[in-house]
Amino acid sequence: MTELYDFDTAIDRRGTWCIQWDGVADRFGVDGLLPFTISDMDFATAPEVLAALRDRLDHGVFGYTTWQQDDFRSAVAHWYATRYGTEIDTGQLVYGPSVLNQLSQLLQMWTAEGDGVVVHTPTYDGFRKAITGLGRELRGVPVGDEEALVRELARPDAKVLVLCSPHNPTGRVWTADELTRMAELAERYGVAVISDEIHADFVHEGHVHVPWTRVAGEGRWALITSGSKAFNFPALTGSYGLIGDPADRAEFLRRMETAEGLASPAVLSLTAHIAAYREGGPWLDAVRAYVAGNLGHVAERLSADLPELGWEPPQAGYLAWIDLRAAGVDDAELQRVLVERERVAIMGGAVYGAPGFVRLNVGCPRGKVERGVEALIRAVKAVTSSPSGV
């Protein structure tokens, strides 16, 4: 399948205003680093999406647009039916400019300042910013620690569980049993669930994503997602969601269309979503297989040079979450060597509340992955063999 598409040829993204390449100095303080950072890919989106966008551009008129039309709704329903064997109620659909914007709106609807919002740790930094920025209290629960999850959900002021499914940054795919248990606990303690499923389309072979709609009970819930992660078009903006309760759904739409003034979505985002969900499946299968090969290469190299890590590829996504604690790495010194000597930008785990880890983005051509993992191996060896990394 991958031979039908060219993922090996690098596309120069410099000078395109992209955060990963042009904004690297904002986070790392130095320009010109080879970046493995923010979670977008270096690949052009699916040819079918590009063709649909060109056709829409050729029309030439870009007036106000509605997402509440059958082309979009039926495309989403088709995707869930063919990818996840799940029938969705398209009457539950809502739309927003981004998943994080949807998260913010729902938190404002379902919580007040000071309320507790439960998340799994390590935690995607966008969650942390949204929750604490609204004056809510972020309460972390280690991935897989059900005792801690029960304890936090049972607190009287716990109002929302923000679930990342699959989980970012670890790449964990929750099983149907795990999700069912979370739904039961949330309903028992009267906690709403917001399930961010933007990484769902990148689940790797041997694992199955279960949409929250399949396990949601009578409790308050929302599923928020976008095709932008899997098909690599976040710059077009646009996301959608499913909200179970009709009154909550109406309030969400009221907020978006009146309070937020976002009644008209970006037409190119709608165009891209429809094309991706109707025609982009083969490309997605191919890029996911290519990324799995990248992750396999990282595993092979780490096994050969840093076997003490015992690293295995994630169950989903193109983000290699690597635990370096067994190597006894000093985070600050590792980052210094990566930046100053190796000239690469790799996200440190402290960003996600997990010192001792790094997150390496391998959504890129194999040659770039090779440079990144070799730089990481050299840097780890440098800082563990010499206190100053020299």
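Only this structure's heavy atoms are used, side chains among them; waters, hydrogens and symmetry mates stay out.
For A292, the side-chain contact (heavy atoms from CB on, under 4.5 Å) partners two or more places apart in sequence, or in a different chain, are H204. Looking at residues two or more places apart in sequence or on another chain, you find a side-chain contact (heavy atoms from CB on, under 4.5 Å) between Q92 and D89, W221, L242, R249. Under the ring-ring contact (aromatic ring centres under 6.0 Å, His included) criterion, F28 pairs with no residue at all, not counting sequence neighbours. Scanning for ring-ring contact (aromatic ring centres under 6.0 Å, His included) contacts around Y189 gives an empty result, with sequence neighbours left out. For R325, the side-chain contact (heavy atoms from CB on, under 4.5 Å) partners two or more places apart in sequence, or in a different chain, are D323, F357. For A272, the side-chain contact (heavy atoms from CB on, under 4.5 Å) partners two or more places apart in sequence, or in a different chain, are V49, L53, F233, L236. For H120, the ring-ring contact (aromatic ring centres under 6.0 Å, His included) partners are W174, not counting sequence neighbours.
Applying the salt bridge (Lys or Arg N to Asp or Glu O under 4.0 Å) test to residues at least two apart or on different chains, the pairs with a partner in residues 180-206 are E146-R181. Among residue pairs with one or both ends in residues 112-121, none qualify as salt bridge (Lys or Arg N to Asp or Glu O under 4.0 Å); sequence neighbours excluded. Here ring-ring contact (aromatic ring centres under 6.0 Å, His included) pairs that include residues 38-64, with residues two or more places apart or in two chains, are F7-F43, F43-Y290. Within the structure, every pair that satisfies the salt bridge (Lys or Arg N to Asp or Glu O under 4.0 Å) test and touches residues 252-266, not counting sequence neighbours, is listed here: E251-R254, E251-R255.
Between D330 and R336 there is no salt bridge, since no side-chain nitrogen of the basic residue lies less than 4.0 Å from a carboxylate oxygen of the acidic one. With respect to R83 and D285, a salt bridge is recorded, a charged nitrogen being found less than 4.0 Å from a carboxylate O.
Side-chain contact between L306 and V380 is present, with heavy atoms from C-beta onward closer than 4.5 Å. You'll find the side chain of Y80 reaches within 4.5 Å of the side chain of P211, heavy atoms only.
When hydrophobic side chains of Ile, Leu, Val, Met, Phe, Trp and Tyr are connected at separations under 4.5 Å, V208 ends up as a singleton with no cluster partners.
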Inset, instruction - Apply side chain to side chain donor-acceptor pair (under 3.5 Å) to Y84 and T213, showing your working. - result: CA-CA 11 Å; Y84 305 118; T213 56; over 6 Å; no
